[in-house]
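Worksheet: one structure, shown below.
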Amino acid sequence: MISLRMIDLADDGRISAADYRVMEKWWRVRAREAPPRNILPRLGVIASYGPGVPVAAAFAYLDAAGSGTAWLGWMVTDPSAPKATAGRAMMRALEFLEKECRRLDYWLGWATVNDPSFIRFLERRGYTRTDEGLCHLFKELPDDRRSAE
């Protein structure tokens with residue numbers, strides 16, 4: 001039995017430290033690097049198997065510019081979970097995010113992934129491949145406002 005819950009939020013409105021620690025371990029195995037806690041969106045879901053054992057997680061960034069697009073990102077599963085269980089858990093997490101995004105009037109969901117099996121997983125669920133060989137690059141932007149004071 002797979003159950004879903006929204007990520008717990010800390011007082012600062014970001015993902016709780018406890019939820020982040022669980023996923024951080026998974027990301028370090030799956031992607032070498034975990035995204036910084038402060039960049040994760042508030043719309044996130046955790047899929048658990050059995051008696052509350054987290055197995056998968058996914059997040060959605062909702063575009064505020066009016067395009068109606070949602071980026072479904074930072075999807076990750078527990079590397080020690082059986083593949084079939086992890087797949088079912090991720091499918092439930094994605095279904096929930098898709099429905100929630102649609103309820104909020106977002107009509108297009110998109111994802112950036114580089115794992116071939118995960119690409120096939122998404123394609124089987126109706127996603128269309130548009131590019132290949134992408135990677136995430138981050139840079140903290142300098143705050144020049146501080147030096148102008």
Please report the closest heavy-atom contact between Arg30 and Pro79, naming both atoms and the distance.
NH2-CA, 3.2 Å
Heavy-atom pair with the smallest gap, counting every atom of Met90 and Ala56:
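Reported closest heavy-atom pair: N-CB, 3.8 Å.
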Tell me, please, which residues at least two apart from [X] pass side chain to side chain contact (heavy atoms under 4.5 Å, CB included).
X      : result
Val22  : Trp26, Pro54
Arg129 : Ile119, Glu123, Glu132
Arg32  : none
Ser80  : Asp78

Going through the distances and angles, do Ile46 and Leu4 end up as a side-chain contact (heavy atoms from CB on, under 4.5 Å)?
CA-CA 6 Å; Ile46 297 173; Leu4 297 175; over 6 Å; no
Under 4.5 Å between side-chain heavy atoms, hopping through other hydrophobics if needed: is there a path connecting Met23 to Val29?
no
Kindly work out whether a path of hydrophobic side-chain contacts (I/L/V/M/F/W/Y, heavy atoms less than 4.5 Å apart) joins Val45 to Val53.
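Not linked; separate clusters.
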When rounded to the nearest 0.5 angstrom, what distance separates [atom1] in [X] from [atom2] in [Y]?
X      : Y      : atom1 : atom2 : result
Leu94  : Cys101 : CG    : SG    : 10.0 Å
Leu108 : Ser67  : CG    : OG    : 8.0 Å
Thr69  : Trp110 : OG1   : CH2   : 7.0 Å

Step-by-step side-chain hydrogen bond (donor to acceptor under 3.5 Å, both in side chains) determination, Tyr106 to Trp71:
CA-CA 10 Å; Tyr106 289 82; Trp71 178 54; over 6 Å; no
Phe118: what forms a ring pair (Phe, Tyr, Trp, His ring centres under 6.0 Å) with it, not counting sequence neighbours?
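For Phe118, the residues satisfying ring pair (Phe, Tyr, Trp, His ring centres under 6.0 Å) (neighbours in sequence not counted) are Phe121.
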Quick one: salt bridge (charged side-chain N to carboxylate O under 4.0 Å, His left out) partners of [X], sequence neighbours excluded?
X      : result
Glu95  : none
Asp115 : none
Arg5   : Asp8, Asp19

Fellow cluster residues of Tyr49, listed by chain then number, with links counted only when side-chain atoms sit under 4.5 Å apart:
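Via sub-4.5 Å side-chain contacts, Tyr49 links to Ile2, Val55.
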Check: Trp27/Tyr20 side-chain N/O donor and acceptor closer than 3.5 Å:
no
Do Arg21 and Ser16 have side-chain N/O donor and acceptor atoms under 3.5 Å apart?
no
Would you mind writing out the side-chain donor-acceptor pairs for residues 33-43 within the sub-3.5 Å range, not counting sequence neighbours?
{"residue": "Arg37", "atom": "NE", "partner": "Ile15", "partner atom": "O", "Å": "2.8"}
{"residue": "Arg37", "atom": "NH1", "partner": "Asp12", "partner atom": "OD2", "Å": "3.3"}
{"residue": "Arg37", "atom": "NH2", "partner": "Asp12", "partner atom": "OD1", "Å": "3.1"}
{"residue": "Arg37", "atom": "NH2", "partner": "Asp12", "partner atom": "OD2", "Å": "3.3"}
{"residue": "Arg37", "atom": "NH2", "partner": "Ile15", "partner atom": "O", "Å": "3.1"}
{"residue": "Arg42", "atom": "NE", "partner": "Gly13", "partner atom": "O", "Å": "3.1"}

So which pairs with a foot in residues 101-110 pass salt bridge (Lys or Arg N to Asp or Glu O under 4.0 Å), sequence neighbours left out?
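Listed once each, the pairs are Glu100-Arg103.
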Please assess Val113 against Met75 for the test side-chain contact (heavy atoms from CB on, under 4.5 Å), listing each intermediate value before the final yes or no.
CA-CA 9 Å; Val113 296; Met75 296 172 273; 4.1 Å; yes
Going by the rule side chain to side chain donor-acceptor pair (under 3.5 Å), which residues pair with Arg92 if we only count those two or more places apart in sequence or in a different chain?
none
